[in-house]
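A short write-up of the structure that comes next.
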Amino acid sequence: MARTIRPKKQDQANPFGSFRRECETALKTGYLSLQKTSGHSLPDFDIVSTLKDPPNPTFGHLASSLSFELAKSQKRKPIEVAKTLAETSRRLAKLDLVESIEATEPGYVNFRANLARLTELTLKSVQLAGSEYGLLKTEAPERTIVEHTSANPARPIHIGTAKNSIFGDALARLLSARGHDVRTHFYIDDTGRQVAIMAYGYKLLNEPIPEGKPDHFIGKIYSVTATLVEIEELKKRLALLKKTNASDADIVAATKSLDEWVGIAADLRSKYPEEFDLLGKLISRDQDPETSIGELIRKYEKNDPDTNALMRRVTRMVLTGFEETLRRARIRFDEWDWESDLLWAGRVAELVDQLKESGFTFNKGGALELDVAKAVEKFGLREQLGVTPTFEFPPLTLTRSDGTSLYPTRDIAYTLYKFGMAERVINVIGTEQSLAQFQVKVAFWITGHRKEAEKFIYFPIGHLLLEGQRMSARRGRYVTFDQVLDETVSRAKSEVDRRSPSIPDEIRQRTADRIAISAVRYAILSVEAVKSTNFVWDKVLNFETNSAAFINYAYTRSSGILRKLGRIEQPKTLDLLKDPVEQALVLELSKFPETFSQATDDLNPTLLCLFANLLAQRFHEFYEKSDISHVTNDELKWQRVALVLAVRTVLKTVAGLLGLELAERM
RNA sequence: GGGCCCGUAGUCGAGCCAGGACCAAGACGUGGGCCUUCGGAGCCCAAAAUCGUGGGUUCGAAUCCCACCGGGCCCGCCA
């Protein structure tokens, strides 16, 4: 008679992991016995790593290739070694979750799980741990900062940046569920040129109250202002080039650049005629717009009260818009860090002084440069950073000749600042920043922050291309995150309207909202972060297999079953779930804890997308084949219900990790 | 010139870090089936891949190493 399995620590239940450990122990036992009988000592193998998922269920649930490793030193065929290993493991090890151990050609040792025991263990674990099932806690919790999005406040967030937001947010959710103390930070890059241009244009217009969404409103002002200023500058430069008899090449280049900007201006003018003409008139009255903008930057760096008021006011308006967009996508931040604060607190200056004292800087035309290459050689960082001996580290300009700071310098200071509050810092930034992120690490070594250098993680995001091209805000070739959300919600709404007319409209709207947000998030998360991919509407608007809607539909169907039943009873045991579709479903549930911890420790949310999709797929197969409400055997009915409940729990957990919201009806 | 990343069916994509039964998951698309049963946003079946190319290491390579090819990106007193 099977004794009842009672998992010890509910929050740490890991059914498939328990099976795996049993296999490991059995294999080790077999191995040690082999070592004894073979007379000569065998090399110490990493037995754990030889255990893999076999390619199909006929080979059991875990398989080891250890015999291949041993065959040589044993001077025997792998299959013979495997037979001995299987036989002794079977004979000597205490087996509970393992049903059988067999050797198969050409030399694998296959472990089959006792599915009855695994089913009982898994379903009971889910029942007891509930929404905590699978969320294995780390043994080394770390205070972790995830910085992501950090979009320049000059324009609305576009779908490319949204990829950073969605991955950053998912990472934070995963790490937090793993037991780390996670804070998300948004870095407000307000001391650069772009925000100054935006404030300049806004001031010229006499600081109007935004119509519509503030980030879109201000973004429009920024685009028009930046374009007009650029054209003014190019005209001046061209005139100067001609007057000084510059080379033809220079003149051609400047003319070409000017033509391009004029083209952009024409587009903007047709889109926003009023603002364009008004700003054009106002800017032409300014003797030297470039100087006005430069002055804004300088005054802001010095924290001049009037400039401060203007810059903060206009930036805050944009951030309100950002927050609104991000909130729609279920993304929130714990902290909003102003770059200007960093500057005013003297952190940047302090860093620059430290670097200066290190002896790794030099002066170039008044600007301060950091000799990165020298530092790399001095500290022998090539191996640390994983770069080849020929990798060239160009010097990094720390300060301009007028003494003002540059973004990379501020970023180093900022990352150090973050380490003041955390043991580990994760920067979610585009792949184009890889060199800059190397430089941050090198700067850490120079300033003696070696521990921080190790705990500093750059999480690269590959570009999201639009119709195969890079998005260009300047050329208006981009899709905003808001547009994507709007379009997806409206598509989802018409689907819900069509399929579920009986649901009240208010609920249909909320459902469409959830489906849409989840669809967008899933479409982004289901492709690995580092890959550059094409943004395609078809993928986002796909509500079929391998989409959030497919996963949600599994949840909806399970809700339908429970609704129809009306009441639920506990089954007496869990011994009737023997159908292959039921066992496949249980097996998937049993693997969730391992999948979760691997996805989290590898910082790979995409793994969980695959898991969610697979679980939903297994459920749909089960749903198709296994009846519940019409089944006459009550005990079987309640056992199946227990399975459905477990699937619902895990679906909900995994959805929560990815930031997907599930609807009971859709 | 130096470097980083990516290259898997018509398309999109997992597997690569930790090599093993790979005649390579899954999806979209294509072709064919399944509604008297818990919601068809579903299920079943079929066709479709020189794993960019060439070498090397290994008993064994999509996976590791080298070279090359193709695509993206970086090497700014922009951010």
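Both backbone and side-chain heavy atoms feed into the values below; hydrogens, waters and symmetry mates do not. Below, chains carry the letters A, B, ... as their sequence lines are ordered, and counting in each starts from 1.
- Checked for salt-bridge contact, Lys77(A) and Glu80(A) miss the test: no charged N lies under 4.0 Å from a carboxylate O.
- With rounding to whole Å, Phe619(A) atom CZ is found 11 Å from G39(B) atom P.
- Rounded to whole Å, the separation between the P atoms of A18(B) and C5(B) comes to 15 Å.
- Nucleic acid contact class of Gly365(A) (heavy atoms, under 4.0 Å, all strands): base.
- We find that NE2 of His630(A) is positioned 9 Å from P of U37(B), with the value rounded to whole Å.
- Atom-to-atom, CZ of Arg410(A) to P of C77(B) comes out at 14 Å; the value is rounded to the nearest Å.
- A tilted orientation is assigned to the rings of Phe322(A) and Phe186(A), their planes being inclined by 30° to 60°.
- Of the listed nucleotides (C59(B), A41(B), G26(B)), G26(B) has the atom at the smallest distance from the side chain of Asn613(A).
- To the nearest 0.5 angstrom, Arg618(A) atom CZ is 6.0 Å from Glu588(A) atom CD.
- Under a cutoff of 6.0 Å and an axis angle of 45°, Arg648(A) and Tyr555(A) form a cation-pi pair.
- In terms of polar N and O atoms assigned as donor or acceptor, the side chain of Asn546(A) never comes within less than 3.5 Å of the base of A14(B) in a complementary pairing.
- Checked against C38(B), A18(B), C4(B), the side chain of Lys564(A) finds its nearest nucleotide in C38(B).
- Spacing between A9(B) and A47(B) at atom C1', rounded to whole Å, works out to 11 Å.
- Nucleic acid contact for Asn152(A): sugar-phosphate only, since backbone atoms but no base atoms lie under 4.0 Å from a heavy atom of the residue.
- A distance of about 14 Å separates the P atoms of U8(B) and U63(B), rounded to the whole Å.
- Comparing C77(B), G13(B), C38(B) against the side chain of Thr533(A) picks out G13(B) as the nearest.
- Contact between the side-chain N/O atoms of Lys531(A) and the OP1/OP2 oxygens of G7(B) is found at a separation under 4.0 Å.
- Between Leu541(A) atom CG and Glu495(A) atom CD the span is 9.5 Å, to the nearest 0.5 Å.
- Between the Arg640(A) side chain and the Leu577(A) main chain, no donor and acceptor come within less than 3.5 Å of each other.
- One N or O donor and one acceptor, one from the side chain of Ser629(A) and one from the base of C38(B), sit under 3.5 Å apart.
- Comparing A24(B) with C74(B), their C1' atoms are spaced 34 Å from each other, to the whole Å.
- Between A14(B) and G52(B), the two P atoms lie 14 Å apart (nearest whole Å).
- For Phe550(A) and Phe543(A), the ring centers are positioned 6.0 Å apart or more.
- Remark: the backbone N or O of Gly192(A) is not paired with any side-chain donor or acceptor of Tyr407(A) at under 3.5 angstrom.
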Pairs under 3.5 Å (N/O, protein and nucleotides 43-45 of chain B):
{"residue": "C43(B)", "atom": "O4'", "partner": "Glu624(A)", "partner atom": "OE1", "Å": "3.3"}

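- Judged by distance alone, with hydrogens and angles left aside, the side-chain atoms of Ser500(A) form a donor-acceptor pair with the main-chain N or O of Met666(A) at under 3.5 Å.
- Nearest nucleotide to the side chain of Arg400(A), out of A21(B), C77(B), A14(B): C77(B).
- Pro106(A) comes within contact range of no nucleotide atom at all, as no heavy-atom separation falls under 4.0 Å.
- You'll find that the side chain of Phe59(A) is closest to A21(B), out of A21(B), C5(B), A14(B).
- C23(B) has its base anti relative to the sugar, with a glycosidic angle deviating from 0 by more than 90°.
- Where Ser405(A) and Asn110(A) meet RNA chain B, the nucleotide closest to each residue was compared, and Asn110(A) sits on the side nearer the 5' end.
- The distance between atom CZ of Arg20(A) and atom P of A18(B), rounded to the nearest whole Å, is 17 Å.
- Between Arg193(A) and C78(B) there is no side-chain polar atom (N or O) within less than 4.0 angstrom of OP1 or OP2.
- Take the nearest nucleotide of RNA chain B for Ala367(A) and for Pro54(A): the residue whose nucleotide is more 5' is Pro54(A).
- With rounding to whole Å, Arg498(A) atom CZ is found 14 Å from G40(B) atom P.
- Residue contacts for Ile628(A): at a heavy-atom cut-off of 4.0 Å it reaches a base atom on one of the strands shown.
- Checked by atom type and distance alone, the side chain of Thr149(A) never pairs as donor or acceptor with a backbone atom of Ala151(A) at under 3.5 Å.
- Whole-Å rounding puts the Lys625(A) NZ to U37(B) C1' distance at 16 Å.
- Which of C77(B), A41(B), A18(B) sits closest to the side chain of Gln598(A) comes down to A18(B).
- Atom name P, nucleotides G29(B) and G70(B): the rounded distance is 34 Å, in whole Å.
- With both ends at atom C1', the span from G13(B) to G76(B) equals 36 Å, rounded to whole Å.
- On a pure distance criterion of 3.5 Å, no polar donor-acceptor pair joins the side chain of Ser532(A) and the base of C6(B).
- Checking side-chain atoms of Lys493(A) against main-chain N and O of Arg508(A) turns up no donor-acceptor pair under 3.5 Å.
- Counting any heavy atom pair closer than 4.0 Å across all strands shown, Glu528(A) reaches sugar-phosphate atoms only and no base atom.
- Among the heavy atoms of the strands, none lies under 4.0 Å from Ala71(A).
- Expressed to the nearest 0.5 Å, how far CD1 of Ile551(A) lies from CG of Leu662(A) amounts to 8.0 Å.
- If you check C59(B), A41(B), C5(B) against the side chain of Phe543(A), the one that comes closest is A41(B).
- Remark: Thr397(A) is in phosphate contact with C77(B), judged by side-chain N or O atoms under 4.0 Å from OP1 or OP2.
- Residue contacts shown for Ser558(A) are absent, as no nucleic acid heavy atom lies under 4.0 Å away.
- When heavy atoms are screened at a 4.0 angstrom cut-off, Ser150(A) is found touching no nucleic acid atom at all.
- Judged purely by atom type and a 3.5 angstrom limit, Asn110(A) has no side-chain atom pairing as donor or acceptor with the backbone of Glu102(A).
- No salt bridge links Lys637(A) with Glu569(A); every basic N to acidic carboxylate O contact stays at or beyond 4.0 Å.
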| query | So what is the 5' to 3' dot-bracket string for RNA chain B, if pairs are Watson-Crick or G-U wobble with both distances under 3.5 Å, crossing pairs use [ ] and | means the partner sits on another strand? | reply | (((((((..(((.......[.....))).(((((.......))))).....(((((..]....))))))))))))....

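- Taking atom C1' on both C51(B) and G15(B), the two are 10 Å apart, rounded to the nearest angstrom.
- Contacts of Val631(A) with the nucleic acid, taken as non-hydrogen atoms under 4.0 Å apart, are absent.
- Residue contacts for Asp538(A): at a heavy-atom cut-off of 4.0 Å it reaches no nucleic acid atom on any strand shown.
- Remark: P of C5(B) and CD of Gln437(A) are 15 Å apart, rounded to the nearest angstrom.
- Within the 4.0 Å cut-off from OP1 or OP2 of G40(B), at least one side-chain nitrogen or oxygen of Tyr623(A) is found.
- Here the P atom of nucleotide C78(B) and the CG atom of Leu396(A) are 12 Å apart, to the nearest Å.
- Side-chain nitrogen and oxygen atoms of Lys52(A) include none within less than 4.0 Å of the OP1 or OP2 phosphate oxygen of A18(B).
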